[in-house]
Amino acid sequence: MDTTTEQRSHNAQDRRSRVRVVRVIDETDDAKSFVLEVTDARPSLFDYRPGQFLTFRVPNDRTGSVARCYSLASSPVCDRELKVTVKRTTSGYASNWLCDNLSVGDVIDVMAPAGTFTPRSLDEDLLLWAGGSGITPLLSILKTVLAAGSGHVALVYANRAAGSVIFADELHRLAAEHPDRVRVIGWLESEHGRPSTDDLARIVAAYPGRESFLCGPPGFMTTVREALSRFDVPRSHIHAEVFTSLSGDPFAEVNEVRQPGSEAEAVRVHIDHDGVTHTLDWPRERTLVDVLLAQGLDIPYSCREGRCGTCAFVVVEGEVEMDDNGVLDDEDIAEGYALACRARPRTAVVGARF
């Protein structure tokens, strides 16, 4: 039997774009910041919230390219240009390539800002926990709260030694300019060793009721979580940002491909997105994010590998299954959350809310 294929390229409100490097800042011996400007006519594509990230397409001789996510250190309310900060890692191909090769005037492919590591309100008091280069999204949050909100912020910033402190001067300036709203608590392992759960619990006790935002090495974030658990801080008040290397290509074109008989294998999905309900066919072999992108819906997505949580949605009818999940925990799943990039239908009808 002949096989026919219908393909429809995703081209509505494409989230891919290009940016140009306008400045390179040596932050420390092993970290650089890249100040970026948008090169196309869609600056609104780069409207972002504090704490979000960009996904970069980094050239690679073996695979053509690799995709990596880097947090924005800039603030959407007080910085005209975008800024990301990259710290070298021993085995990090992308971070080393960017630090060694990306120069002023270079143009590079990126995905639009994404991520859910952002405060619900700029008027609430926050407790920020940074380890090493994890300071990057937290600086964005701190600056935005100070510029556009009324919240008070305590920042705990752990580093190995004084020479590895990224944004030291800027943090000192912000603390001096807002002494009644900001407290920066520095921790150097070279002087005090690694912070223990007891050490961090004393800080938690000094700032009761605050929402916590965590970003840093796994060991540091585990210790922070242990300290928070001693005070029964609700899960809704703990937000963590974790990046892992991506193996796929989120920049790839998404096409709608149908094989003969695939309609019989499809289920009906009702999508509530931006106040509008869309009813679509969802082939059982395809992920929800691929189906929606192929239909031209501008849903939030970034890594398409279940590693960032950007495409999370709530299942309001029926059931879905996920073949992999790197960010949702058991409580998320119990509350009905799923990742569109990993979800496939289990029932004949599915309702989803973004």
Side-chain angles (χ1 to χ4, degrees), residues 25-28 31 33 35 48-52 71-85 87 117-196 198-216 220-221 223-224 227-228 231 233 237-241:
I25 304 168
D26 292 320
E27 301 287 359
T28 64
S33 288
V35 181
Y48 67 99
R49 301 191 302 276
Q52 291 193 304
S71 293
L72 288 154
S74 50
S75 163
V77 300
C78 55
D79 292 313
R80 182 175 59 87
E81 297 160 318
L82 305 169
K83 182 172 76 172
V84 298
T85 303
K87 182 177 180 180
F117 187 70
T118 185
R120 289 183 284 263
S121 169
L122 300 178
D123 299 321
E124 299 294 331
D125 296 342
L126 302 177
L127 184 51
L128 310 182
W129 306 85
S133 59
I135 186 61
T136 304
L138 299 179
L139 177 65
S140 177
I141 293 172
L142 172 60
K143 291 195 297 182
T144 305
V145 168
L146 295 177
S150 59
H152 294 70
V153 182
L155 166 65
V156 182
Y157 188 14
N159 282 276
R160 291 182 178 177
S164 62
V165 180
I166 305 172
F167 309 131
D169 292 342
E170 188 167 9
L171 290 171
H172 289 151
R173 177 181 61 77
L174 290 171
E177 291 176 353
H178 305 274
D180 58 331
R181 296 182 61 197
V182 178
R183 185 186 176 194
V184 178
I185 304 169
W187 186 285
L188 298 180
E189 292 184 14
S190 59
E191 297 180 5
H192 307 292
R194 292 186 178 183
S196 68
D198 289 340
D199 294 325
L200 301 187
R202 284 190 285 270
I203 297 174
V204 178
Y207 299 97
R210 295 195 179 191
E211 289 200 40
S212 283
F213 287 78
L214 300 59
C215 189
F220 172 75
M221 293 209 291
T223 305
V224 174
L228 294 170
F231 296 87
V233 175
H237 279 44
I238 303 174
H239 313 273
E241 184 69 298

Indicate yes or no: at least one non-hydrogen side-chain atom of [X] is less than 4.5 angstrom from one of [Y].
X	Y	result
Val153	Tyr207	no
Ser212	Val224	no
Pro195	Thr223	no

N/O donor to acceptor pairs below 3.5 angstrom from side-chain atoms of residues 164-171, sequence neighbours left out:
{"residue": "Ser164", "atom": "OG", "partner": "Ala161", "partner atom": "N", "Å": "3.3"}
{"residue": "Ser164", "atom": "OG", "partner": "Ala161", "partner atom": "O", "Å": "2.8"}
{"residue": "Glu170", "atom": "OE2", "partner": "Lys143", "partner atom": "NZ", "Å": "3.3"}

Could I get the full list of side chain to side chain donor-acceptor pair (under 3.5 Å) partners for Ser121, not counting sequence neighbours?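 Ser121 satisfies side chain to side chain donor-acceptor pair (under 3.5 Å) with no residue once adjacent residues are dropped.
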
Can you list the residues that meet the side chain to side chain donor-acceptor pair (under 3.5 Å) rule with Thr85, with sequence neighbours excluded?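 Result, side chain to side chain donor-acceptor pair (under 3.5 Å) vs Thr85: Ser33.
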
Provide the full list of side chain to side chain donor-acceptor pair (under 3.5 Å) pairs with a residue in residues 131-140, sequence neighbours left out, each pair given once.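 Listed once each, the pairs would be none.
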
With sequence neighbours excluded, what pairs up with [X] under the side chain to side chain contact (heavy atoms under 4.5 Å, CB included) test?
X	answer
Glu211	Arg120, Leu126, Phe213, His237, His239
Ala206	none
His192	Trp187
Ala205	Phe231

Answer with yes or no whether the side chains of Tyr48 and Thr118 bring together a donor and an acceptor at under 3.5 Å.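 Side chains of Thr118 and Tyr48: no pair found under 3.5 Å.
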
Show me the pairs that pass salt bridge (Lys or Arg N to Asp or Glu O under 4.0 Å) and involve residues 178-191, at least two apart or across chains.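 Listed once each, the pairs are Glu189-Arg194.
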
Listing request: all salt bridge (Lys or Arg N to Asp or Glu O under 4.0 Å) pairs with a residue in residues 145-162, at least two apart in sequence or in separate chains.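 Not a single pair qualifies under salt bridge (Lys or Arg N to Asp or Glu O under 4.0 Å).
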
Minimum heavy-atom distance Phe220-Gly131, with the two atoms named: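 Result for this residue pair: CE2-N, 3.6 Å.
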
Indicate the atoms forming the closest heavy-atom contact of Asp123 with Gly149, along with that distance.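 Minimum heavy-atom separation between Asp123 and Gly149: OD1-CA, 3.4 Å.
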
Who passes salt bridge (Lys or Arg N to Asp or Glu O under 4.0 Å) against Glu177, sequence neighbours left out?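 In terms of salt bridge (Lys or Arg N to Asp or Glu O under 4.0 Å), with neighbours along the sequence ignored, Glu177 is linked to Arg173.
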
With Asp198, which residues qualify under salt bridge (Lys or Arg N to Asp or Glu O under 4.0 Å), at least two apart?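 Expected list: Arg230.
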
